Amino acid sequence: MQTTTCQERKKDPIEMLHSGQLVKVCAPMVRYSKLAFRTLVRKYSCDLCYTPMIVAADFIRSIKARDSEFTTNQGDCPLIVQFAANDARILSDAARIVCPYANGIDINCGCPQRWALAEGYGACLINNPELVRDMVKQVRNQVENPRFSVSIKIRIHDDLTRTVDLCRKAEATGVSWITVHGRTVEERHQPVHYEAIKIIKQNMSIPVIANGDIRSLKEAENVWHITGTDGVMVARGLLANPAIFAGYEETPLKCIWDWVDIALELGTPYMCFHQHLMYMMEKITSRQEKRIFNALSSTSAVLDYLTDHYGIDWTS
């Protein structure tokens, strides 16, 4: 577990979420929201980053899992580590391990993937508020730092009164904030129910973060105003344009350049390095260019391509 204690504790996410300013958040994204990508989006006005979802049971059982799943450094702050868990003791053990290196943990109560639901993780937890309560309480009891946040990320029910009830119970248990993805477990690409997020926020006194289908800074600000929430969380929009929160409509060349520098410096595996560039360059490349770029199979080939097509001199 390559870690460095975060020195910037003054960047307290709870304080940020109570500031009245729009808090811009990078979502937990499996395979993607790792240290190198978090470093990139922080350069472009992202206020708070989440790790990819980590299965707590694997994390506490295996040093190998810890080393591959959780890497951070001094500039990676503020940081929330998201866990998939269905056992209070296991979650609290995982929270204790990451406590010195992060500002808080988040419990995934929104993942709709079949494997997660089969294991009792993710979105099935929105139907088990007692287990959520037990997990939050156990982490609160085991982690001594009072500023260490414990949050949850949820999807909504078809019957919104159930979601409001879940959120009220979570608030009563001591949850620091709640992130709401404005879709049900069954919904994938249907429009996001921002009105539902607004109703949840109106029933809470803790901060709420809105999540779902935000593709530009203007959309982020609109969702923030429509829902009355305290922050917005972006996933796919940031993959396509890591500079979205800085107001860019499409990925600027400087951002691509920054990604190359950061990824090479941090030793990002080739597949991840290349995949991020494929997302970032989606809007700025022709179909023929995509075919050529997507077929590249080595870091040196990618660097040569970028130098030839965009004049990006990665050696400087």
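Computed from a predicted structure; not experimentally measured.
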Trainee: Count the heavy atoms belonging to other residues, nucleotides or ligands that lie under 6.0 Å from NZ of Lys201, then report whether that count exceeds 12.
Mentor: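 Correct, the count exceeds 12.
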Trainee: Under the 3.5 angstrom rule, does the side chain of Asn103 hit a backbone N or O of Leu79 as a donor-acceptor pair?
Mentor: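 Yes: the side chain of Asn103 pairs with the backbone of Leu79.
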Trainee: Check for a donor-acceptor pair, side chain of His274 on one end and backbone N or O of Phe293 on the other, with a separation under 3.5 Å.
Mentor: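 Pair found, side chain donor or acceptor close to backbone of Phe293.
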Trainee: Is the OH atom of Tyr248 crowded by more than 12 outside heavy atoms at less than 6.0 Å?
Mentor: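 Count not over threshold, so no.
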Trainee: Run the side chain to side chain donor-acceptor pair (under 3.5 Å) test on Asn241 and Arg215 for me, step by step, so that the C-alpha distance in whole Å, both residues' side-chain angles and the decisive distance to 0.1 Å come before the verdict.
Mentor: CA-CA 8 Å; Asn241 177 8; Arg215 307 278 178 170; over 6 Å; no
Trainee: If only atom types and distance count, is the side chain of Thr251 paired as donor or acceptor with the main-chain N or O of Met280 below 3.5 Å?
Mentor: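 Yes.
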Trainee: Determine whether more than 12 heavy atoms belonging to other residues, nucleotides or ligands lie under 6.0 Å from atom CD of Glu144.
Mentor: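 Not buried by this count: 12 neighbours or fewer within 6.0 Å.
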Trainee: Does His157 use its side chain to pair, donor to acceptor, with the backbone of Ile126 at less than 3.5 Å?
Mentor: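 A pair under 3.5 Å: yes.
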Trainee: Decide yes or no for Ile156 and Ile200: does some side-chain heavy atom of the first lie under 4.5 Å from some side-chain heavy atom of the second?
Mentor: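 A side-chain contact under 4.5 Å exists here.
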Trainee: Taking the side chain as every heavy atom from C-beta outward, state whether Leu266 and Thr71 have any atom pair closer than 4.5 Å.
Mentor: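 Of all side-chain heavy-atom pairs linking Thr71 with Leu266, none is under 4.5 Å.
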Trainee: Is the backbone of Ala65 close enough, under 3.5 Å, to the side chain of Ser68 for a donor and an acceptor to pair up by distance?
Mentor: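 Yes.
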Trainee: Does any part of the side chain of Ile209, heavy atoms only, come nearer than 4.5 Å to the side chain of Trp177, both counted from C-beta?
Mentor: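 In contact.
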Trainee: Are any non-hydrogen side-chain atoms of Thr163 and Ile199 less than 4.5 angstrom apart?
Mentor: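 Answer no - side chains too far apart.
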Trainee: Just by distance, do the side chain of Asp47 and the backbone of Val23 share a donor-acceptor pair under 3.5 Å?
Mentor: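 Checking the backbone N and O of Val23 against the side chain of Asp47, no donor-acceptor pair under 3.5 Å is found.
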Trainee: Does a side-chain heavy-atom distance below 4.5 Å link Tyr50 with Thr179?
Mentor: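 Counting from C-beta outward, Tyr50 and Thr179 do come under 4.5 Å.
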Trainee: Tell me, please, which residues at least two apart from Arg89 pass salt bridge (Lys or Arg N to Asp or Glu O under 4.0 Å).
Mentor: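 Partners of Arg89 by the salt bridge (Lys or Arg N to Asp or Glu O under 4.0 Å) criterion, ordered by chain and then number, come out as Asp93.
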Trainee: Looking only at heavy atoms, what is the nearest atom pair of Val132 and Cys109, with distance?
Mentor: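 In this case the closest contact between Val132 and Cys109 is CG2-SG, 4.2 Å.
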Trainee: Might you point out which heavy atoms bring Ile206 and Asp230 nearest each other, and give the distance in Å?
Mentor: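 Reported closest heavy-atom pair: O-OD2, 4.4 Å.
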Trainee: Any chance NZ of Lys290 has more than 12 other-residue heavy atoms, nucleotides or ligands included, within less than 6.0 Å?
Mentor: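 Above 12, so yes.
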Trainee: Verify side chain to side chain donor-acceptor pair (under 3.5 Å) between Tyr44 and Asp258, making sure each step is shown before the conclusion.
Mentor: CA-CA 10 Å; Tyr44 290 91; Asp258 286 337; 2.6 Å; yes
Trainee: Do Tyr32 and Met233 belong together in a cluster built from hydrophobic side chains that touch within less than 4.5 Å?
Mentor: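 No, Tyr32 and Met233 fall in different hydrophobic clusters.
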Trainee: Is there a donor-acceptor contact under 3.5 Å from the side chain of Trp259 to the main chain of Phe37?
Mentor: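 Checking the backbone N and O of Phe37 against the side chain of Trp259, no donor-acceptor pair under 3.5 Å is found.
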Trainee: For Gln288, does the CD atom sit with more than 12 other heavy atoms under 6.0 Å from it, leaving out its own atoms?
Mentor: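 Count not over threshold, so no.
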Trainee: Would you say Asn86's side chain and Glu119's backbone share a donor-acceptor pair under 3.5 angstrom?
Mentor: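 Side chain of Asn86 to backbone of Glu119: a pair is present.
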Trainee: Counting only heavy atoms from other residues, nucleotides and ligands, does the tally under 6.0 Å from CZ of Arg114 exceed 12?
Mentor: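 Not buried by this count: 12 neighbours or fewer within 6.0 Å.
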Trainee: Heavy atoms, side chains only, cut-off 4.5 Å: are Pro242 and Arg42 in contact?
Mentor: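 No, every pair of side-chain atoms sits at 4.5 Å or beyond.
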Trainee: Under a 4.5 Å cut-off applied to non-hydrogen side-chain atoms, are Val302 and Tyr270 in contact?
Mentor: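 Yes; the side chains approach each other to less than 4.5 Å.
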Trainee: Under 3.5 Å, is there a donor-acceptor pair between the side chain of Arg183 and the main chain of Gln190?
Mentor: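 At least one qualifying donor-acceptor pair exists.
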Trainee: When you check the gap from the basic side-chain N to the acidic O, do Lys153 and Asp106 get nearer than 4.0 Å?
Mentor: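 So Lys153 does not pair with Asp106 through a salt bridge.
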Trainee: For a side chain to side chain contact (heavy atoms under 4.5 Å, CB included) with Thr51, tell me which candidate from Val81, Val98, Ile80 qualifies.
Mentor: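 For Thr51, the side chain to side chain contact (heavy atoms under 4.5 Å, CB included) check succeeds only for Val81.
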Trainee: Checking Arg147 side chain against Asp12 main chain: does a donor-acceptor pair fall under 3.5 Å?
Mentor: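 Looks like no, no N/O pair under 3.5 Å.
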Trainee: Report the C-alpha separation of Arg155 and Thr184 in whole Å, then their side-chain angles, then the decisive distance to 0.1 Å, and conclude whether the side chain to side chain contact (heavy atoms under 4.5 Å, CB included) test is met.
Mentor: CA-CA 6 Å; Arg155 283 187 171 235; Thr184 66; 5.9 Å; no
Trainee: May I have the step-by-step check of side chain to side chain donor-acceptor pair (under 3.5 Å) for Arg291 and Thr285, ending in yes or no?
Mentor: CA-CA 10 Å; Arg291 259 203 308 271; Thr285 48; over 6 Å; no
Trainee: Please identify each residue that fulfils side-chain hydrogen bond (donor to acceptor under 3.5 Å, both in side chains) with Asp58, with sequence neighbours left out.
Mentor: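 Asp58: side-chain hydrogen bond (donor to acceptor under 3.5 Å, both in side chains) contacts with Arg61.
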Trainee: Which heavy atom in Cys111 sits nearest to a heavy atom in Asn108, and how many Å separate them?
Mentor: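 Closest approach of Cys111 to Asn108: N-OD1, 2.8 Å.
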Trainee: Above 12 or not: heavy atoms from other molecules or residues under 6.0 Å from CD of Glu289?
Mentor: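 For Glu289, atom CD is crowded (more than 12 foreign heavy atoms under 6.0 Å).
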Trainee: Is any side-chain heavy atom of Ile284 less than 4.5 Å from a side-chain heavy atom of Ile256?
Mentor: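 A side-chain contact under 4.5 Å exists here.
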Trainee: If you take all heavy atoms of Met53 and Phe83, which pair is closest and at what distance?
Mentor: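 Heavy atoms only, the tightest pair is CG-C, 4.3 Å.
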